[in-house]
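Data first, discussion second: the structure below is written as structure tokens.
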Amino acid sequence: MKERLVELKTEALEKVAQAEDTKALQDVKVQYLGKKGPITEVLRGMGKLPKEERPVIGQMANDVREEIQVAIDEKQTKMEEAALEKQLQEETIDVTLPGRPVQTGGPHLLTNLIEEIEDLFIGMGFEIAEGPEVEADYYNFEALNLPKGHPARDMQDSFYITEEILMRTHTSPVQARTMEQHKGKGPVKVICPGKVYRRDTDDATHSHQFTQIEGLLVDKHVRMSDLKGVLNAFAKQMFGEEREIRLRPSFFPFTEPSVEMDISCKMCGGEGCSVCKGTGWIEILGAGMVHPNVLEMAGYDPNEYTGFAFGMGPERIAMLKYGIDDIRHFYTDDVRFLNQFHKA
Ligand code: 2U9
């Protein structure tokens, strides 16, 4: 019987050593320590043994059972530790590893530029005024000295929704509305940024939807020199103290006299190059003294009040500033293009 027990122990401990997982370990336990197991059998067979042998075999059988149990528990613990270690290994994150780059968006370069221009004029005491993109024909044209049938209307081919409603072709109606709200009293000093719409075929320099920033200052005794002063301050802050400006005579139905403002070309310092087409000057915006008809229609007495206005296209300024050759880049949402302008 002793040999049998030693044999059982060796066999069981071998099986314990080979057990790959808890299940296999449980099988060994049931097989050797279970009710129908050989150890139990030995113990049950104690009665058949000679009296003097029983305590020895009994003790030995219990020792073998104990040893097998201890071996099973140790193996179980080892397996659990190994499983935990493996899990820890698998779940260990190398915090030094760079995170997965999260594609972050950012303000559109036009948004940045428009805000930059807004800040310049806010710095000169202008307030921002906004208005509807779906506009009444009256505010978009008539209030701006463009009566029905006026030929200049065709210059701004429009998206009409009804006879009297259209997609605004410029932000000038916002200034007309603002003046009207002042009921002909007191100064008006606003800039009006926003999207405008023209029924144009998109190409490198035209887009059916683009943006404008216009400005208006109406008060008593406003003169052309005030306009020149404001435009000069704007140009130097926006394009550099070393830039010169020049005003050329021009025409707009809603201003008289009208001018266009050029700045000296940055590329050639005014000598003439491909960027300025050899002129040394780059056209930036249009402006003028508010036409008396426009003041009157907005409720201002043109004998008491005068004013100046200006208008620019942020896309044009961005194209000059960044050397962009196609206005459609602003609207085709190509991240390769847009990512170039993300402020870090
Ligand atoms: C009122 C009175 C006068 C706004 C003006 C311009 C000149 C001008 C162009 C700039 C780029 C249009 O998009 S663009 O091509 N605009 O040159 N705009 S004066 O004059 C006004 C506006 C409102 C009540």
Side-chain angles (χ1 to χ4, degrees), residues 110 113-114 117 121 126 128-131 133 135-136 138-146 152-153 155-158 167-182 184 187-200 205-219 222 224 226-228 230-231 234-235 238 245 247-263 282-300 302 305-320 327 330:
L110 272 182
L113 183 71
I114 290 169
I117 295 171
F121 285 104
F126 286 79
I128 295 181
E130 291 176 321
E133 293 181 16
E135 189 49 285
Y138 171 77
Y139 287 112
N140 194 82
F141 285 126
E142 288 168 56
L144 292 153
N145 206 24
L146 288 157
R153 283 187 178 219
M155 279 161 52
Q156 303 185 8
D157 218 340
S158 315
M167 299 303 292
R168 68 181 181 192
T169 59
H170 47 185
T171 58
S172 310
V174 180
Q175 287 109 296
R177 287 172 175 275
T178 306
M179 281 204 289
E180 211 178 65
Q181 284 146 18
H182 279 68
V188 174
K189 199 171 178 180
V190 293
I191 53 165
C192 306
K195 287 202 284 271
V196 297
Y197 305 82
R198 305 235 174 130
R199 210 149 57 90
D200 259 337
T205 54
H206 295 83
S207 171
H208 63 282
Q209 185 259 298
F210 60 101
T211 61
Q212 271 190 344
I213 296 182
E214 296 197 359
L216 174 74
L217 188 153
V218 174
D219 203 343
V222 176
M224 192 70 170
D226 300 310
L227 171 61
K228 189 170 182 183
V230 164
L231 294 181
F234 163 68
M238 188 71 201
I245 73 164
L247 300 182
R248 274 178 296 107
S250 181
F251 172 82
F252 303 103
F254 28 80
T255 51
E256 187 55 46
S258 301
V259 297
E260 265 158 13
M261 182 193 89
D262 303 329
I263 57 173
I282 305 264
E283 180 194 324
I284 293 294
L285 57 83
M289 301 309 287
V290 179
H291 195 289
N293 292 359
V294 172
L295 288 170
E296 209 145 21
M297 280 188 276
Y300 278 87
Y305 285 90
T306 53
F308 66 66
F310 54 83
M312 67 189 86
E315 288 85 354
R316 175 171 167 68
I317 294 175
M319 291 169 86
L320 289 168
I327 195 171
F330 294 112

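Both ligands and their constituent atoms are indexed starting at 1 by order of listing. One-based numbering along the sequence shown.
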- Task: For F121 and F310, run ring pair (Phe, Tyr, Trp, His ring centres under 6.0 Å): C-alpha distance rounded to whole Å, both residues' side-chain angles, the deciding distance at 0.1 Å, then the answer.
- Result: CA-CA 12 Å; F121 285 104; F310 54 83; 4.9 Å; yes

- Task: For the pair H170 and E214, evaluate side-chain contact (heavy atoms from CB on, under 4.5 Å) and give the outcome as yes or no after the intermediate values.
- Result: CA-CA 8 Å; H170 47 185; E214 296 197 359; 3.6 Å; yes

- Just how far is it from atom CG of L216 to atom NZ of K189, taken to the nearest 0.5 Å? 11.5 Å

Anything under 3.5 Å between an N or O on ligand 1 and a protein N or O? List each pair with its distance, or write none.
unit_1	atom_1	unit_2	atom_2	d
ligand 1	13 (O)	Q212	NE2	2.7
ligand 1	17 (O)	G286	N	3.3

- For R177, check side chain to side chain contact (heavy atoms under 4.5 Å, CB included) against everything at least two apart and list the hits. P132, E135, Y139, Q181

- Pair listing, salt bridge (Lys or Arg N to Asp or Glu O under 4.0 Å) test, anchored in residues 251-260, at least two apart: R248-E260

Tell me which donor-acceptor pairs under 3.5 Å the side chains of residues 292-300 have, and how far apart each pair is, sequence neighbours excluded?
unit_1	atom_1	unit_2	atom_2	d
N293	ND2	N145	OD1	3.0
Y300	OH	K185	O	3.1
Y300	OH	G186	O	3.0

